[in-house]
**Q** 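Mind having a look at this structure? Questions to follow.
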Amino acid sequence: MIRRIAINTGGGDAPGLNAVIQAATLAAIRLGWEVVGIREGYSGILDPQNYPDGGLVRLTPEMVRNISHLGGTILGTVNKGNPFKVTESLPGGMTVEHDRSDEVMQAFQTHGLDALIAIGGDGSLTIANSFAKRGLRVVGVPKTIDNDLASTVLTFGFQTAVSFATECIDRLHSTAESHRRIIVVEVMGRYAGWIALNAGIAGRADAILIPEIPYCIDKLAQHIRTRNRPYSIVVAAEGAKPLDGQVSVLAREAGRQERLGGIADRVARQVEQLTGKEARSLVLGHLLRGGSPVAIDRILGLSFGAAAVAALQRGESGIMVALQPPHVKSVPLDEAISTMKVVPPDGDLVSTCRALDICLGD
Ligand code: F6P
């Protein structure tokens, strides 16, 4: 018997989060359930003193009425908020980890919360799965602009990121051509090159570098030299790496995954040297996570939100809602987080690149 559910958003934001919150809230209220949003992942529950509203916010139809077209998340999010491993900084630069998951379990009881809809990527869904195994009733909703979650054909936020990146690449053609330059554009994509590949193809790039296909800088330079075009556009996923080389790391910080970045600058400097052509680089970075979700991401978010409530109503737990066209289905969280959906090096999109003479650096 469900009377009250909680919703949280975790990890990097993605356009479409508010659509999920809206649909889940409205669908739950239709069933007579109360809905509560947890501020910033689990922080609202673990550290309520940090929030003027006590870290939990009652979600009403009025509160969610006009949010499905907005980027970001009205609940806020964090990407270093694992309650099973809370990092504390000690004097002298040392850190210790605490397991605060008991406090979360206890808080669900105290606040009369019967279930959790956890909206997040691989990290947040892994945490949600651990809570499900501890007995919390949990339904996960897949989110990431990188589209690297297994078991679902699409995650919301991805299409918005691809559309925006494509528009940016379109704009770079004229300036690159006017100056006869090479321009290297860096897009997000830590483990998977889906954004780079899709935006690169749509934006008519000359070369696309993705994590799944380590690149040879000499082959890239050779391709640029022999192309029958006075300028070149290269799209690089942040997680792309050279053959026998490493990814470009911007920063390392305790308790969170390393921040990637710098691949575009690195490649631009190298191809400039190897080709003798002037090169420039730019990083689209968090611009890809911002802005209003495109229609498909709104629809996906709304469908996922409604499906998450329906799954709870059916008594399901430990599952993730997933797009498996033409349906939104439930898949076990265990399965959803067991592998990442990376670009198959022999897949259709890669073949399309080869047919179009787009260099992949191999
Ligand atoms: O959401 C995933 C992602 O977009 C990755 O591609 C990227 O590495 C990461 O987020 C960056 O997150 P942040 O800078 O917010 O920590």
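Remember, it's 1-based here, ligands and their atoms both numbered in the order they're listed.
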**Q** Strictly by modelled atom types, are Arg227 and Ser232 linked by a side-chain donor-acceptor pair under 3.5 Å?
**A** no
**Q** Do me a favour and list the nearest non-hydrogen protein atom to atom 16 (O) of ligand 1 with residue, atom name and distance?
**A** Asn79 ND2, 2.7 Å
**Q** Would you check if there is a donor-acceptor pair between the side chains of His179 and Glu278 at a distance under 3.5 Å?
**A** no
**Q** On a heavy-atom basis, I'd like to know which of Arg289, Glu253, Arg259, Gln257 is closest to atom 12 (O) of ligand 1.
**A**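 The nearest heavy atom belongs to Arg289.
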**Q** Does the N or O separation between Lys143 and ligand 1 drop below 3.5 Å for any pair?
**A** no
**Q** Under 4.0 Å, counting heavy atoms only: does Gly121 come that close to any atom of ligand 1?
**A** no
**Q** Does even one non-hydrogen atom of Leu260 get within less than 4.0 Å of ligand 1?
**A** no
**Q** Heavy atoms only: which of Lys80, Glu238, Glu258 is nearest to atom 6 (O) of ligand 1?
**A**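 That would be Glu238.
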**Q** Do Arg269 and Ser281 have side-chain N/O donor and acceptor atoms under 3.5 Å apart?
**A** no
**Q** To the nearest 0.1 Å, how far is atom 2 (C) of ligand 1 from its closest protein heavy atom, and which atom is that?
**A** Asp146 OD2, 3.4 Å
**Q** So, do Phe131 and Phe84 have ring centers that fall under 6.0 Å from each other?
**A**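 Yes, they do, as the ring centres are separated by less than 6.0 Å.
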**Q** Tell me: protein heavy atom nearest atom 4 (O) of ligand 1, and distance?
**A** Met188 SD, 2.8 Å
**Q** Any salt bridge linking Arg204 with Asp170? Criterion: basic side-chain nitrogen under 4.0 Å from a carboxylate oxygen.
**A**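 Asp170 and Arg204: salt-bridged.
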**Q** Below 3.5 Å, N or O to N or O, backbone or side chain included: is there any such pair between Arg190 and ligand 1?
**A**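 Looking only at distances, the answer is yes, because the N/O contact criterion of under 3.5 Å is met.
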**Q** Which residue owns the protein heavy atom closest to atom 14 (O) of ligand 1, what's the atom, and how far is it?
**A**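 The closest one turns out to be His286 NE2, 2.8 Å.
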**Q** Among Leu349, Ile213, Ile210, exactly one meets side chain to side chain contact (heavy atoms under 4.5 Å, CB included) together with Val343. Which residue is that?
**A**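 One option only clears the test, and that one is Ile210.
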**Q** Between Leu360 and Leu209, does the side-chain contact (heavy atoms from CB on, under 4.5 Å) criterion hold? Intermediate values first, please.
**A** CA-CA 6 Å; Leu360 294 160; Leu209 308 178; over 6 Å; no
